[in-house]
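Note that the structure is predicted; figures quoted are calculated from it, not measured. Order of listing sets the numbers, starting from 1, for every ligand and every atom in it.
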Amino acid sequence: MLKLKLHWQILIAFILAIILGITIPEHSGYVRWLGDLFLRALKMIIVPLVFASIATGVANIGDAKNLGRIGIKTFSYYISTSLLAIVTGLFLVNMIKPGIGADLGFKMSIPEMTSTTGSISDILMRMIPTNIFQALYNSDMLAIIFFAILIGYFITQVQKNYSDNLLTLFNAIFEVMMKLTSFIIKFAPLGILGIVTGVVADQASDKAKLISMAQHLGVYFVTVLIGLFIHTFISLPLIIKFLGKVNPILHFKAMSLPIITAFSTSSSSATLPLTMEAVENDAGVSNKISSFVVPLGATVNMNGTALYECVAVMFIAQAYGIELTFMQQIIVVVTALLAAIGSAGIPMAGLVMMSIVLSAVNLPLEGVGLILAVDRPLDMCRTVVNVFGDTCGAVVIAKSEGETLKV
Ligand code: ASP
């Protein structure tokens, strides 16, 4: 494999794809299949990855409940800040409307839309499968998530020897899926080459359309960045100032190493050791709190990913010319939260999990192809927000437990 860093490989593939798509659109078939293979590989791992990560996530939450007070506080903090991030994204994407008018010419490829009213009873029906194997077979995400949540919870409710075995099993599956995901992601440059060449070639006959597409993608990119900026520099600082009684500027300074690492690795998990170290040594949070709040946060608390899922899915809907009802937007909010909770702390995990949100509102999974090109830089930025959110959680919880902090 090339030694060049993945984001450089992606950038090169992207530029090459544009050149190929514009200059020899009639030969795009030679590389298109690479994109199809890449998307197939992503789809291949979605079901086991989602199932294993949500089941283990919830099983760990079940354990956390036994930790009582701190557990409940931590989860309330994680869920409310993630929701705040999602709502910020939803507001921006509805205001800026980056995808409206993009007319990407994809409409033909939209698979049969199942007629769904999006009503509560309809969602409930889709959530509870009559046959879980059929749901797995059909990649019926809502049903799979619901079942995974139940399994995760009830793992904690059975005899210890059973629950230990099951937890080990699911954790093992999850670890393997993470490894497999990282392996597939190595092929992202080739996948991007295929997808982008195809997209550009399809549009090459119409230059105006091509430019308009790049513009829309650019506006989408900026929309996510503005959202991440607001959450990192306004929402979270206000929260740590008022709830944690911490000086946000000093906190930023103390967290600079994990922030830089998160940016360059695009991985909350890889950054975790540094995050823990900084939270304990530089922010002064006790080991008791940090060893619980921070690792849990690296897996379940992803403010940046949550915001991004919401903006990306709304952008895809807009680009396909599909207007989502208020109820469907609520589904986007809820499933974006689940997707963020379920995302592993590894590069581009959020992109893989996006299928949950897309399928919940019946958008084609191919929509991911639209945003792939700018995903890596956004991944770097959202990972920073994910990690920073965990550190804010740690100081807020520590303060509420009466600890004295250094910042
Ligand atoms: N890369 C992100 C993280 O590790 C997850 C994502 O892809 O959104 O936090």
Student: Determine whether Tyr220 and Ile371 make a side-chain contact, defined as any pair of heavy atoms from C-beta on separated by less than 4.5 Å.
Tutor: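 Tyr220 vs Ile371: side chains touch.
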Student: State, yes or no, whether a side-chain contact exists between Lys179 and Val176 at a heavy-atom distance under 4.5 Å.
Tutor: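 Heavy-atom side-chain distance check fails, nothing below 4.5 Å.
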Student: Does the side chain of Leu190 reach to within under 4.5 Å of the side chain of Phe38, using non-hydrogen atoms?
Tutor: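 With C-beta onward as the side chain, the pair stays apart.
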Student: Does the side chain of Val293 come within less than 4.5 Å of Tyr78's, by heavy atoms?
Tutor: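 They are in side-chain contact.
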Student: Give a yes or no on this: more than 12 heavy atoms of other residues, nucleotides or ligands lie within 6.0 Å of atom CD of Gln157.
Tutor: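 For Gln157, atom CD is crowded (more than 12 foreign heavy atoms under 6.0 Å).
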Student: Exactly which residues line ligand 1, taking a heavy atom under 4.0 Å from it as the test?
Tutor: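 These residues qualify: Ser266, Ser267, Ser268, Met302, Thr305, Ala344, Gly345, Ile346, Pro347, Met348, Ala349, Gly350, Asp379, Arg382, Thr383, Asn386.
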Student: Taking only residues two or more places apart in sequence, or in another chain, which ones meet Phe147 in a side-chain contact (heavy atoms from CB on, under 4.5 Å)?
Tutor: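 By the side-chain contact (heavy atoms from CB on, under 4.5 Å) rule, Phe147 matches Phe51, Ile132, Ile151.
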